[in-house]
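Hydrogens, waters and symmetry mates are skipped; everything else that's a heavy atom, side chains included, is used. Each chain gets a letter, A, B and so on, in the order its sequence line appears, and its residues count up from 1.
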2 protein chains.
Amino acid sequence: MEKQRKVTMQTVADEAGVSKATVSRAIGNYPDISDSTKKKIFEVMERLNYHPSAIARSLANRISKNVGLVLPADDDFFMNPFFQESLRGVAKTAGKRGYDTLIAYNGKNETNAIKRLVNSNKVDGVILMRSVIGDSTVNYLRDIEFPFILIGKSEEYDDIYTVDTDNVDACRKLTNHLVGLGCKKIGFIGGKRDSMVTTDRYDGYIQSIRENGLYFSDDMVEENEFNKLEGYMSMKKLLEANGDMDGVVITDSLIFSGAIDYLSSVCEEKDIIIGAFGAESNSFNKSKYKVVNIDVGSMKIGEFSCEKLIDILEKKDVDLTDIVDYKIEG
Amino acid sequence: MEKQRKVTMQTVADEAGVSKATVSRAIGNYPDISDSTKKKIFEVMERLNYHPSAIARSLANRISKNVGLVLPADDDFFMNPFFQESLRGVAKTAGKRGYDTLIAYNGKNETNAIKRLVNSNKVDGVILMRSVIGDSTVNYLRDIEFPFILIGKSEEYDDIYTVDTDNVDACRKLTNHLVGLGCKKIGFIGGKRDSMVTTDRYDGYIQSIRENGLYFSDDMVEENEFNKLEGYMSMKKLLEANGDMDGVVITDSLIFSGAIDYLSSVCEEKDIIIGAFGAESNSFNKSKYKVVNIDVGSMKIGEFSCEKLIDILEKKDVDLTDIVDYKIEG
DNA sequence: CTGAAAGCGCTTACAG
DNA sequence: CTGAAAGCGCTTACAG
């Protein structure tokens, strides 16, 4: 292949015998360009294999056509199917709408990563993949009025755009579901307490326990990091403290995975039903344990968030809050 | 917070009583700027909360400080721990070296996605996350001499930068390892045949079978998509066709996961040893089956590839081919 | 050690 | 329907 020198808009303009302005308008599909010039321009573009420089366009109209994301510093969250799936949803939707997805990483400090992204003009908007209690990133973005979507909900602001599952309700229904299946003593294993997801799901669990008048004590609750090993340990502790537990609600798929590993490893078979968020993300394995899966549609959440962000960027009307449906299966 | 109007390099220059050129040089840390002016400039930048526009810089010096990646169209590969882990490695390393990671998605056609990325000037180089046989993307990038790293190896070119595991050797050693553990009849489950990874690993497997003079027949080999369900089915078929199989080599962690699910689901306990690539990515679960894990260091591969790409971009000397170590465990 | 000026490749009022 | 010109916010020879 010939090494051709860069063909710019000027090259095209010259070749087509028009001005850069006209080429630019043709590309932007402005209405008031005659069809004949338009056609000629496109023909030349094709022939010269011209591709507009996204960078130059960005500088001129301050639109990068990139949506930003920050890569979580802790491996646990990154490796979590929820993150993966929603990331995929975001990237896919972005692609469909002509955007690319820019991932920033900045070690331990998420807010700094965001600041760098935003200040560099590299992105038009950002998506925050999770809601941490007292999150300074939300604060920052809101202050400077930079377009962003929060996946999850904010405890402090009700004037920001969010996409979320109704976690309280979902976990209440899930627990109720276990009750419906005959469980009398239901434990809870959740992720870190500083994530909104966990607190909401815990609240739903407690609501259900109360509604149903079930027994409850503090040693029926375990909270830990979002990973497998801790899921394993938590299940162990729970069962050691409560031999008669016949149900357990788990808020995360990695934790679930560890918990089921523990269960599989013990010799005597337990009569226990597990209700877990994202159980299906791990496996379609019908183990010897009854598993009730709750699917929050992580991919959908990602798609929705990205769709919404781009709608905002394109000045379309969107709702402040969107709640995505969940499904209980099993 | 005040809504301040955009502070540019000009603002800083004016405020510091110097020219834009000097500010630019101070930021770029040019040697021949006096310490006093440098100091003053930084002080002003700080005070004005100035952040250079990455876009403007990009346009001026044609360096985007972005590395590009294309999101695989098939969910299987995206959901594969290998992809996840190496993606993370890439993004992390990019971040450390001052780059961001741009993810393009373009439906079914990977080459088009790459073309768009490259032509838009949005990235300085790209990383191809997997090597497919007869990949036109490699062709394209090589033709236009655009900087890129291929994770895996190319069957057709030996003049491109690659980062890879010695898959033939790894799989041979793994199979040998099973032989060492007493296996006499070892099956093989691999991913799609059009991926270099699969063919290499298959070759290694066959080499070992030959070396050790083991029995072999075609129904001891299963090849399928890289996913759990197919791993499950493959294991089933393999065992139905070969009841006396006492070992199996599996090339992929998702496939492994499905296979082990099948094994757990059958009632009679099989006496079989499993050797699998990325078995540990799935679970630390010590199941009732003996599992030999082979860890190719996906994260390392990602880190390495990115490090190498950026080295190339920064005109450092790098080797054409890098082979990353693997570890056999168990 | 520092500045004036051209240039990177686009977009977009403004004018016709 | 189209063009000339200014501007987006930087970098970098060139000159001093």
Could you state the [atom1]-[atom2] distance from [X] to [N], rounded to the nearest angstrom?
{"X": "B/Q10", "N": "D/dG7", "atom1": "CD", "atom2": "P", "value": "12 Å"}
{"X": "A/L59", "N": "D/dG9", "atom1": "CG", "atom2": "P", "value": "7 Å"}
{"X": "B/N121", "N": "C/dG7", "atom1": "CG", "atom2": "P", "value": "19 Å"}
{"X": "A/N29", "N": "C/dT12", "atom1": "CG", "atom2": "C1'", "value": "17 Å"}
{"X": "B/I63", "N": "D/dC10", "atom1": "CD1", "atom2": "C1'", "value": "13 Å"}
{"X": "B/N61", "N": "C/dC8", "atom1": "CG", "atom2": "P", "value": "13 Å"}
{"X": "B/D14", "N": "D/dC10", "atom1": "CG", "atom2": "P", "value": "12 Å"}
{"X": "A/D35", "N": "D/dC1", "atom1": "CG", "atom2": "P", "value": "8 Å"}

Quick one: which of [options] gets closest to the side chain of [X]?
{"X": "B/A21", "options": "D/dG3, C/dG9, C/dA4", "answer": "C/dA4"}
{"X": "A/P52", "options": "D/dT11, D/dG9, C/dC10", "answer": "C/dC10"}
{"X": "B/K20", "options": "C/dG9, C/dC10, D/dT11", "answer": "D/dT11"}
{"X": "B/R25", "options": "D/dG9, D/dC14, C/dG9", "answer": "D/dC14"}

Identify whether any heavy atom of [X] sits under 4.0 Å from a base atom; if not, whether one sits that close to sugar-phosphate; answer base, sugar-phosphate or nothing.
{"X": "A/D32", "result": "base"}
{"X": "A/S58", "result": "nothing"}
{"X": "A/R62", "result": "sugar-phosphate"}

So does A/E46 have more than 12 non-hydrogen atoms from other groups sitting under 6.0 Å from CD?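 At most 12 heavy atoms, drawn from other residues, nucleotides or ligands, come within 6.0 Å of this atom.
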If you count the non-hydrogen atoms of other residues, nucleotides and ligands that lie under 6.0 Å from NZ in A/K92, is the total more than 12? yes
Are OP1 or OP2 of [N] and a side-chain N or O of [X] less than 4.0 angstrom apart?
{"X": "B/S24", "N": "D/dT11", "result": "yes"}
{"X": "B/S19", "N": "C/dA4", "result": "no"}
{"X": "A/T37", "N": "D/dT2", "result": "yes"}

Take A/D100 and B/K122 through the salt bridge (Lys or Arg N to Asp or Glu O under 4.0 Å) test and state the conclusion after the steps. CA-CA 9 Å; A/D100 291 306; B/K122 275 182 163 188; 2.9 Å; yes
Does B/R97 pair with B/D311 as a salt bridge, N-O distance under 4.0 Å?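 Result for this pair is yes, salt bridge flagged.
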Could you check whether B/D322 pairs with B/K308 (Lys NZ or Arg NE/NH1/NH2 to Asp/Glu carboxylate O, under 4.0 Å)? yes
Do B/Y157 and B/N139 get their side chains close enough for a donor-acceptor pair, meaning under 3.5 Å?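 Yes.
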Can you list the residues that meet the side chain to side chain contact (heavy atoms under 4.5 Å, CB included) rule with B/S58, with sequence neighbours excluded?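 Partners of B/S58 under the side chain to side chain contact (heavy atoms under 4.5 Å, CB included) test: A/I55, B/S64.
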Given DNA chain D, 5'-ward residue of the pair B/Y30 and A/G17, judged by closest heavy atom: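 Mapping each residue to its closest nucleotide by heavy atoms, the 5'-most match is A/G17.
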Given Watson-Crick and G-U pairs under 3.5 Å, DNA chain C in dot-bracket ([ ] crossing, | other strand) is |||.||||||||.|||
Hey, which of A/K40, A/R47, A/K39 is the one that makes salt bridge (charged side-chain N to carboxylate O under 4.0 Å, His left out) with A/E43? A/R47
If you find the nucleotide of DNA chain C closest to B/K38 and the one closest to A/V23, which residue's nucleotide is nearer the 5' end? B/K38
Sorted by position of nearest nucleotide on DNA chain C, 5' first, the leading residue of A/A60 and B/S34 is B/S34
Whole-Å P distance, D/dC10 and D/dC14: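 Taking atom P in both D/dC10 and D/dC14, they lie 24 Å apart.
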Distance between the C1' atoms of C/dG16 and C/dT12, in whole angstroms?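 That atom pair is separated by 16 Å.
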